[in-house]
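Because only heavy atoms are used, hydrogens play no part in the values below, and waters and symmetry mates are left out as well, while side chains stay in. Given the structure is predicted, the values throughout are model-derived calculations rather than measurements.
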Amino acid sequence: GVEVGPQPQGVARADVLDKMRKIIKHGLDFVQLFNEGKAFPPCTIEVFKIMEKVDYPRNKNGEIIAIIHPKLQDQDWQPLKNGDPQFLTLDGEVIPYQGDSTVYPTFINEAAYYEKKQAFVKTEKIKLTAKHLRLSVS
């Protein structure tokens with residue numbers, strides 16, 4: 001499957017559909033070139049690995065007591081460093097990110113995840129290396 005976003009549930013966006021079509025075309029082009037015997041050299045790419053889900057701050061009754069800070073809103077895949085604003089309480093208090101390393105949040109404030117108690121997902125940026133790739137003919 002291919003998921004390209006952000007896109008609210010039940011909404012069809014032309015820009016997102018165009019991105020999805022391009023990704024599918026590149027994938028099909030790769031399969032065709034691979035099946036024709038084209039060799040692909042080794043490569044390294046940066047990817048984001050999921051670390052953990054982060055819930056909204058809650059009171060003892062389980063009610064949300066803070067919202068995503070405006071500086072974090074719409075900043076999917078951008079670095080979040082120790083001390084950066086993370087949440088904003090309804091009283092205006094900033095709750096900063098406290099972590100040993102920089103993380104890259106995604107799925108920030110997605111409506112579909114409220115019921116799953118997920119404010120965002122913390123990811124880490126890592127590098128993956130692919131070896132030389134070529135169809136082996138038997």
For this session: Start with the C-alpha gap between L72 and Y97, add the side-chain angles, then the distance that decides, and say whether side-chain contact (heavy atoms from CB on, under 4.5 Å) holds.
Result: CA-CA 10 Å; L72 180 58; Y97 169 65; over 6 Å; no
For this session: Assess whether side-chain contact (heavy atoms from CB on, under 4.5 Å) is satisfied between I126 and E46, documenting all intermediate values.
Result: CA-CA 6 Å; I126 62 172; E46 287 185 337; over 6 Å; no
Exercise. Would a 4.5 Å heavy-atom cut-off, applied to side chains only, mark H69 and F87 as touching?
Worked result: no
Problem set entry | CA sep, side-chain torsions, deciding dist, call: I108, D74, side-chain contact (heavy atoms from CB on, under 4.5 Å) | CA-CA 7 Å; I108 300 170; D74 301 321; over 6 Å; no
Exercise. Within 45° of the six-membered ring axis of F40 and under 6.0 Å from that ring's centre, is NZ or CZ of K38 located there?
Worked result: yes
Exercise. Just wondering, do D55 and Q118 contact through their side chains at under 4.5 Å, heavy atoms?
Worked result: no
For this session: Apply side-chain contact (heavy atoms from CB on, under 4.5 Å) to the pair F107 and K53, showing each step before the final yes or no.
Result: CA-CA 10 Å; F107 302 112; K53 297 175 184 177; over 6 Å; no
Exercise. Looking at side-chain heavy atoms only, is the closest gap between I24 and M20 below 4.5 Å?
Worked result: yes
Problem set entry | Within-4.5 Å side-chain heavy-atom neighbours: L88 and V94 | yes
For this session: List for me each residue that meets salt bridge (charged side-chain N to carboxylate O under 4.0 Å, His left out) alongside K25, sequence neighbours excluded, and say none if there are none.
Result: D29
Problem set entry | S101: partners by side chain to side chain donor-acceptor pair (under 3.5 Å), with sequence neighbours left out | none
Exercise. Any side-chain heavy-atom pair from T89 and I65 closer than 4.5 angstrom?
Worked result: no
For this session: Rounded to the nearest 0.5 Å, what's the gap from CD on E124 to CE on M51? Could you check?
Result: 5.0 Å
Problem set entry | side chain to side chain donor-acceptor pair (under 3.5 Å) involving D84 - partner list, sequence neighbours excluded | none
Problem set entry | Separation between CG of L128 and CD1 of I45, rounded to the nearest 0.5 Å | 5.5 Å
Problem set entry | More than 12 heavy atoms of other groups within 6.0 Å of R21 CZ | no
For this session: Determine the minimum heavy-atom distance between T123 and I50, stating which atoms define it.
Result: CG2-CA, 4.0 Å
For this session: Check whether any side-chain N or O of N59 sits under 3.5 Å from a backbone N or O of N61 as a donor-acceptor pair, and report yes or no.
Result: yes
Exercise. Under a 4.5 Å side-chain heavy-atom rule over Ile, Leu, Val, Met, Phe, Trp and Tyr, are L80 and I95 clustered together?
Worked result: yes
Exercise. About how many Å separate CG of L17 and NZ of K19, when rounded to the nearest 0.5 Å?
Worked result: 11.5 Å
Exercise. Take atom CG in L133; do more than 12 heavy atoms of anything else shown fall under 6.0 Å from it?
Worked result: yes
For this session: Please say whether more than 12 non-hydrogen atoms of neighbouring residues, nucleotides or ligands are located less than 6.0 Å from CG in D100.
Result: no
For this session: Calculate, to the nearest 0.5 Å, the distance between atoms CZ and CZ belonging to F34 and R134 respectively.
Result: 10.0 Å
For this session: Measure centre to centre between the rings of Y114 and Y56, then say whether the value is under 6.0 Å.
Result: yes
For this session: State, to 0.1 Å, how close G83 and P96 come at their nearest heavy-atom pair, and which atoms those are.
Result: O-CB, 3.6 Å
Exercise. Should I68 and V121 be counted in the same cluster of Ile, Leu, Val, Met, Phe, Trp and Tyr side chains packed under 4.5 Å apart?
Worked result: no
For this session: Please say whether more than 12 non-hydrogen atoms of neighbouring residues, nucleotides or ligands are located less than 6.0 Å from CD in E115.
Result: no
Exercise. With side chains defined as the heavy atoms from C-beta onward, is the minimum distance between H132 and P42 less than 4.5 Å?
Worked result: yes
Exercise. What's the spacing between F120 CZ and Q73 CD if we round to 0.5 Å?
Worked result: 11.5 Å
Exercise. Can you tell me how far OG1 of T102 sits from NZ of K122, rounded to the nearest 0.5 angstrom?
Worked result: 11.5 Å
